[in-house]
Every structure is written in C-alpha cells, then in structure tokens.
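Predicted model only: the values in this text are computed from it and were never measured.
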Protein chains: 2
Amino acid sequence: MPRVGLTTDRVVAAAADLADAAGLENVTVSALARHFGVKDASLYTHVRNLQDLRVRVALLAGGELTDEIAAAVAGRAGKDALAAFADAYRSYALRHPGRYAATQIRIDPALVADSPALRRTAEITHGMLRAYGLTEPDLTDAVRLLRSTFHGYCALEATGGFGAARDVRASWDKVVEALHAALTHWPAGQRAEPDR
Amino acid sequence: MPRVGLTTDRVVAAAADLADAAGLENVTVSALARHFGVKDASLYTHVRNLQDLRVRVALLAGGELTDEIAAAVAGRAGKDALAAFADAYRSYALRHPGRYAATQIRIDPALVADSPALRRTAEITHGMLRAYGLTEPDLTDAVRLLRSTFHGYCALEATGGFGAARDVRASWDKVVEALHAALTHWPAGQRAEPDR
DNA sequence: CATGAAACCTAGGAGCCCTAGGAAAGAGGG
DNA sequence: CCCTCTTTCCTAGGGCTCCTAGGTTTCATG
C-alpha cells in the first residue's frame, strides 16, 4: 500500500479548505482522515489533537489575512488606506468563511505574542491611524474600534444577521465612511462619562 | 422513583445557565441529562434535538437582552440613550457569555421574523437614531454600524482578543463616543467610493 | 378507581476523539 | 543490493456524544 505522504502542513491546509467548504465546526479528525483515505489514528502523528489542529488553521488564516491586507494598504494613506484595509478584510472573510472563523477561537496569548502576522497587523493599523493624528491611549481605542466594527460586520453578515433589504456591500461602504468620520472627529477629553 | 418534572422551559433555562458557566460548546444533551439526574433519551421529549435546544437558548437570550436594553434606554435620548444602550448590551454579554454566544448562531429567518424581541430591538434602535436626523437607507446603515461594533467588541473581548494593556472598559467608553461622533458627522452623498 | 397522556426508561446504532502498541514503507549507508 | 533505522500508517479498543424505537411508570382527570 503506497503512502499518502502526509505532513502537518498538508493536514492543516486540508483542514482549512474543509473549514471554508463545510464550516469550521465540521472540521473533524475523521472527516480529514476520510479525505486523505487514511485512518483517524494516522493523523495524530502530524497534529496533537483537534484543538491543536484548529489553532494551526487559525494561525494560517491570520497570516494569509495579514498578507492580503498589507498588499491592499501598501502605498495608500488616510481614508484611501482605511477603505483598502476594510475591503481586503471583508473580502477575505467572505472568500474564506471557515478560515476566518478559525481566527476567532481562543488562542494561548503566548502563542499570539510571537506570531509575526499579528504583530504586523498591529503595525499596519497603527501606521494607518497615524494619518488621523491620534496618540496613545486613543490609538489603542481606535484600533479596537476598527477591529470591532470590521469583525462584527463580517460575523453578522456570515451568520445571516442582516435581514433588511438594503444591499450589504453598500452598507459596508457607508460604515467604512462613518468610521473615517469617527476618526476625523475623534472625541477629545480624558473622562468619557460626564455623569456618574 | 419520583419524577424530576421536566418541561421544555426548565430544560432550556438549565441549558442557558450551563452555557454561561461552561461555554456554549459544552451545552450537551448528556451534560444536561446528568444535571437533572436523568437519561439522555428523556430530554428528547422536551427538545427536538441539540440544534433545537440551542435555538431556544438563543431566543431566550435575545428576549432578555432586549428587555435589559429597553429598560436602560427608556426615558433617554441622543448620546445618553446611545451610551445606555451600549452599556446594557456589553453588560449582558459579559454577565451571560454563553447566552450571548447563543444569539450569534444561525437561525431560520422565518423564526427570527416573528420573534417579538428582535422587532422590538429594531424599534428601539431606530427610535434612538432618529435623534441624529438620519433617514433610509442611512438609518439601516447606521443600525448595522452599531450592531457590528457592539457585537464585534464583545466578541473580541470574550475571546481575549484585546491584548494591549489599555483598560477594556475605558476603551469601550471611547468607542461609544466615537460612534456618537460618527452618527453626528454622518457621511452624506449617494455613492460611497469616489474613485473606481 | 379506571384511563389516558405524559414523563421517563432500557437498548442500541452510529459517529467522534484519542491512546497504545505493532507493521510496513522508504531513505540512507555499507 | 541489502540492511537498518526512522517515520508513516495500521489495528484494536475505550469512552463520550447524539439520537431513535419502543416499553413502562407516574400522575391528573373524569
């Protein structure tokens, strides 16, 4: 019987493709084994367990997403860069729903810390926001605003959360413009709540 | 052997509590059966299957969330209402992580349509946004912006996505203020993209 | 007290995750 | 060309999960 030639990378890549095609929750060791024409147990030489597999898919997706964003943003600035970032982000989430979902699983912070992709995204985002003249801690707050809105929009769109008739793409463009407005008119002041 | 006295409501309530305590993914028929001191099969008289159980938890959570938001927003307007809405939303997500997670599962659109809670949330949101002078389709776009940011923030916070040292609550207040700024300076114009 | 509708049961199939230990393929050196 | 050693893949099996089919027991109601 010839060997299939499994490696960790091939297994993870297949898992990522399966996630996009069938949903992250259907990425199972048995399904992957079936795909390779192999017994379940054989996969455990390449992957510690299911959790490990999912984390690897998440790291793969994070790297891909960062690359696409970096390419889209390169050479742009201000509102132009923001729109490019946003469109690249959403485009990836739409084309790779399973991979994108994987990026949202809880990952060991230590593992996140030494992931070059995540650091690079932070750099890109900060660089982009510099055009708006923000300084810490507003910079961090603005990063969190962008991440939240981008992620929230893609997550809601993916789960069919937007029921209204309004075109989802048109809303996205408007939302990105609204974010630009928020960054342009960034609220000043130290205390956020006047009362209380 | 006396009966435990199960009903659909009791099962769903227990499932919701378990979700908050152990995570939605650990809400399993067997775990619930153990909790009630009953065999797995016994639960299938009250709940069609696991999917059905999760949807019921989602609808329960949606109703609770709407109630809390409605109570918080009542009697307020403008920025005040926005902040109350936001804080009530995040507060619920933090206190009930499992229930909140359930609200994000994909649900039959027909079921969503005749859920009074969802319609009520839509009313509240629209009423709140009326203070900013928005009209359709900007109204829908603004609703999507708020939902996206609120959900994205809570989701990222729940999965430990915010690594920076900055206080998460302080960022939240700032993000809400930024949303207020975005609504106040809502971008005009029909076409969103100038180039292309 | 009888009866009918529930609640709850036993039994069992199928799928999944994962471990322990064994067999075989293929690479490398002699 | 064969021998050895690493690595891949296997068999065997335990445990947990969801879910169905069909039987029994409890309890309210007439």
Side-chain angles (χ1 to χ4, degrees), chain A residues 1-60 98-99 101-102 104-108 111, chain B residues 1-60 98-99 101-102 104-108 111:
Chain A
M1 230 165 274
R3 303 216 161 162
V4 186
L6 296 183
T7 65
T8 301
D9 285 347
R10 283 195 62 200
V11 171
V12 172
D17 289 344
L18 179 58
D20 286 337
L24 185 62
E25 72 282 0
N26 290 320
V27 173
T28 117
V29 174
S30 348
L32 276 177
R34 271 194 298 276
H35 170 258
F36 283 116
V38 143
K39 298 294 173 186
D40 300 22
S42 306
L43 293 182
Y44 286 87
T45 2
H46 306 98
V47 156
R48 214 197 322 272
N49 52 38
L50 185 62
Q51 178 62 18
D52 178 47
L53 175 66
R54 294 209 166 124
V55 169
R56 286 173 189 275
V57 172
L59 294 177
L60 168 70
R99 283 167 152 90
Q104 295 312 130
I105 64 179
R106 206 184 198 91
I107 296 185
D108 177 21
L111 213 69
Chain B
M1 233 166 271
R3 303 217 162 162
V4 186
L6 296 183
T7 65
T8 301
D9 285 347
R10 282 195 64 199
V11 171
V12 172
D17 289 344
L18 180 58
D20 286 337
L24 185 63
E25 72 281 2
N26 290 320
V27 172
T28 124
V29 176
S30 347
L32 275 178
R34 272 194 298 276
H35 171 259
F36 283 116
V38 145
K39 298 294 172 186
D40 301 22
S42 306
L43 294 182
Y44 287 86
T45 350
H46 307 97
V47 155
R48 213 197 324 270
N49 54 34
L50 185 61
Q51 178 63 17
D52 177 47
L53 175 64
R54 294 208 167 124
V55 169
R56 284 173 191 274
V57 172
L59 295 178
L60 169 69
R99 283 167 154 90
Q104 294 312 128
I105 64 179
R106 206 186 198 91
I107 297 184
D108 177 20
L111 214 66

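Nearest nucleotide to the side chain of B:Lys39, out of C:dA7, C:dC9, D:dC19: C:dC9. Checking C:dA24, C:dC17, D:dT26 against the side-chain heavy atoms of A:Tyr44 singles out C:dC17 as nearest. Relative to the side chain of A:Val29, the nucleotides C:dC17, D:dC19, C:dA7 differ in distance, and C:dC17 lies closest. Of the candidates D:dC10, D:dT20, C:dC17, D:dT20 carries the atom nearest the B:Ala41 side chain, counting heavy atoms from C-beta on. Proximity note for A:Val4 (side chain, C-beta onward) versus C:dC17, D:dC9, C:dC8: the nearest is D:dC9.
When the side-chain nitrogen and oxygen atoms of B:Arg34 are compared with OP1 and OP2 of D:dT17, one or more of them lie within a distance under 4.0 Å. Between A:Ser42 and D:dC10 there is a side-chain N or O to OP1 or OP2 distance below 4.0 Å. For B:Ser30, a side-chain nitrogen or oxygen approaches OP1 or OP2 of D:dT17 to under 4.0 Å.
Of all heavy-atom pairs spanning A:Val11 and A:His46, the tightest one is CG2-CB, 4.3 Å. Heavy atoms only, all atoms of each residue included: A:Thr28 and A:Leu50 are closest at CA-CD1, 4.4 Å. For A:Arg54 against A:Leu24, the heavy-atom pair with the smallest separation is NH2-O, 3.7 Å.
Put simply, CG on B:Leu6 is 8 Å from C1' on C:dA7, counting in whole angstrom units. At whole-Å resolution of the value, CG in A:Asn49 and P in C:dC18 are 5 Å apart. Atom CG in A:Asp40 sits about 8 Å away from atom C1' in C:dC16, given to the nearest Å. Rounding to whole angstrom units, CZ of residue B:Phe36 and P of C:dC8 are separated by 10 Å. Atom CD of A:Glu25 is separated from atom C1' of C:dC17 by 17 Å (rounded to the nearest Å). Going from atom CG of B:Leu43 over to atom C1' of C:dA7 covers 11 Å, rounded to whole Å. Across the protein-nucleic acid pair, A:Arg3 atom CZ and C:dA25 atom C1' stand 4 Å apart, rounded to whole Å. Protein atom CG of A:Asp52 is 13 Å distant from nucleotide atom C1' of C:dC18, rounded to whole Å.
Ion pairing between B:Asp40 and B:Arg34 fails under the 4.0 Å rule for side-chain N and carboxylate O.
Using a 4.0 Å heavy-atom distance criterion, A:Thr28 is classed as a sugar-phosphate-only contact.
Checked by atom type and distance alone, the side chain of A:Asp20 pairs as donor or acceptor with a backbone atom of A:Arg99 at under 3.5 Å.
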